[in-house]
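Each ligand, and each atom within it, is numbered from 1 in the order the structure gives.
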Amino acid sequence: MTRTPLIAGNWKMNGDIPWTRELCTHLAKRSANWPALGGLRAEVAIFPPAVSLAAAAAALQGFPILLGAQNMHEAPSGAFTGEVSGPMLLTAGCQMVILGHSERRQFFGETDAGINRKALAALAVGLKPIVCVGESLDERESGRTHEVVERQLAGGLKGLTVADLKHVVIAYEPVWAIGTGKVATVQQAGDVHRFIRGWISKAHSPEAASRIRILYGGSVKADNAKELLADPDIDGALVGGASLDADQFDRIIRSVPLVS
Ligand code: PEP
């Protein structure tokens, strides 16, 4: 099955609204060159801070760049001070939402069960979740990578149907590679991607496994993207730091293998 690659830019807590407008304008201009590459069939999405989403949506109108949020609350509304819900994200122009990023797990105590509730809530309102999984350095060094990723998948995807999984993206992001400049080798990333696909095949269905997109995230830059994206099981990238620079992000997008 051919999967449409996805290049997703996680801006984290960077950029105010004027800066957002500027970066979106730069990306929108560059997007004119993407179809000119002939076979480029990637989807591109950016994930600015919640306060900048509406400005980004306005700046990107009519351009082939999707919009998503970095987190959401599972309830549609209510007494949850400081939170943002799925229906609110939809009205801000989002199509996607990142869930369970390791920074949210690490700094905000997010659990697999909570991520699961958010994934179900996102799907219920029509937002596509990007569910993040990945091991710490200690877990990798003690040979527990597959065990940790399996636990995160089982918890995060609990109760999702095969139909739900059509709208889900998985991001494999080894924690030791995020923001550190230490990128996983193609062998390390490819191994975990194949493990994830195999797990989905067994736990859900072979069809869901062959259809689901699995992104790699962790210090992806313009100069390492091509090699990573050439692996047939790496269906795109979740890019942090390098997505804050229009040239770098554009070069990563152009690293997607072309359809012959
Ligand atoms: C991320 O934030 O998901 C990420 C992968 O960051 P970076 O590319 O900066 O390592």
If you scan protein heavy atoms around atom 5 (C) of ligand 1, the nearest is Glu173 OE2, 3.1 Å
Should Val169 and Leu238 count as side-chain neighbours, where that means a heavy-atom distance under 4.5 Å? no
Return the minimal non-hydrogen interatomic distance between Arg3 and Asp235, and the atom names on each side. NE-OD1, 2.9 Å
For Gly217, take its heavy atoms, then give the atoms of ligand 1 lying under 4.0 Å from any of them. 5 (C)
Any ring pair (Phe, Tyr, Trp, His ring centres under 6.0 Å) involving residues 139-166? Give me the pairs, sequence neighbours left out, ordered by first then second residue. His146-Phe195
Element-labelled atoms of ligand 1 that are located less than 4.0 Å from some non-hydrogen atom of Gly218: 5 (C), 10 (O)
Looking only at heavy atoms, the pair that brings Ala184 and Leu228 closest together is O-CD2, 4.0 Å
Atom indices of ligand 1, in the order listed, that fall short of 4.0 Å to a heavy atom of Ala177: 10 (O)
Within the 4.0 Å heavy-atom shell around Leu238, which atoms of ligand 1 are there? 3 (O), 5 (C)
Within a strict 4.5 Å, meaning less than it, do heavy atoms of the Glu135 and Arg144 side chains meet? no
Which atoms of ligand 1 sit under 4.0 Å from any heavy atom of Gly179? 7 (P), 9 (O), 10 (O)
Same cluster (ILVMFWY, side-chain, under 4.5 Å), Ile196 and Leu160: yes
Between Asn10 and ligand 1, which part of the residue brings a heavy atom under 4.0 Å of the ligand: side chain, backbone, both or neither? side chain
Relative to ligand 1, is Ala171 under 4.0 angstrom through side chain, backbone, both or neither, heavy atoms considered? neither
Students should be able to answer this: which protein heavy-atom is nearest to atom 8 (O) of ligand 1, and at what distance? Gly240 N, 2.8 Å
Can you tell me if Ser219 contacts ligand 1 (heavy atom of the residue under 4.0 Å from the ligand)? yes
Does ligand 1 have any atom sitting under 4.0 Å from a heavy atom of Lys221? no
Does Leu6 share a hydrophobic cluster with Ile178, counting links as ILVMFWY side-chain heavy atoms below 4.5 Å and allowing steps through other members? no
In chain order, what residues pass the side-chain contact (heavy atoms from CB on, under 4.5 Å) check against Thr185, with sequence neighbours excluded? Gln187, Gln188
May I ask you to check if ligand 1 and Gly241 share an N or O to N or O distance below 3.5 Å? yes
Identify the protein heavy atom lying closest to atom 1 (C) of ligand 1, giving its residue, its atom name and the separation to 0.1 Å. His101 NE2, 3.2 Å
Around Lys221, counting heavy atoms of other residues, nucleotides and ligands shown, do more than 12 lie under 6.0 Å from its NZ? yes
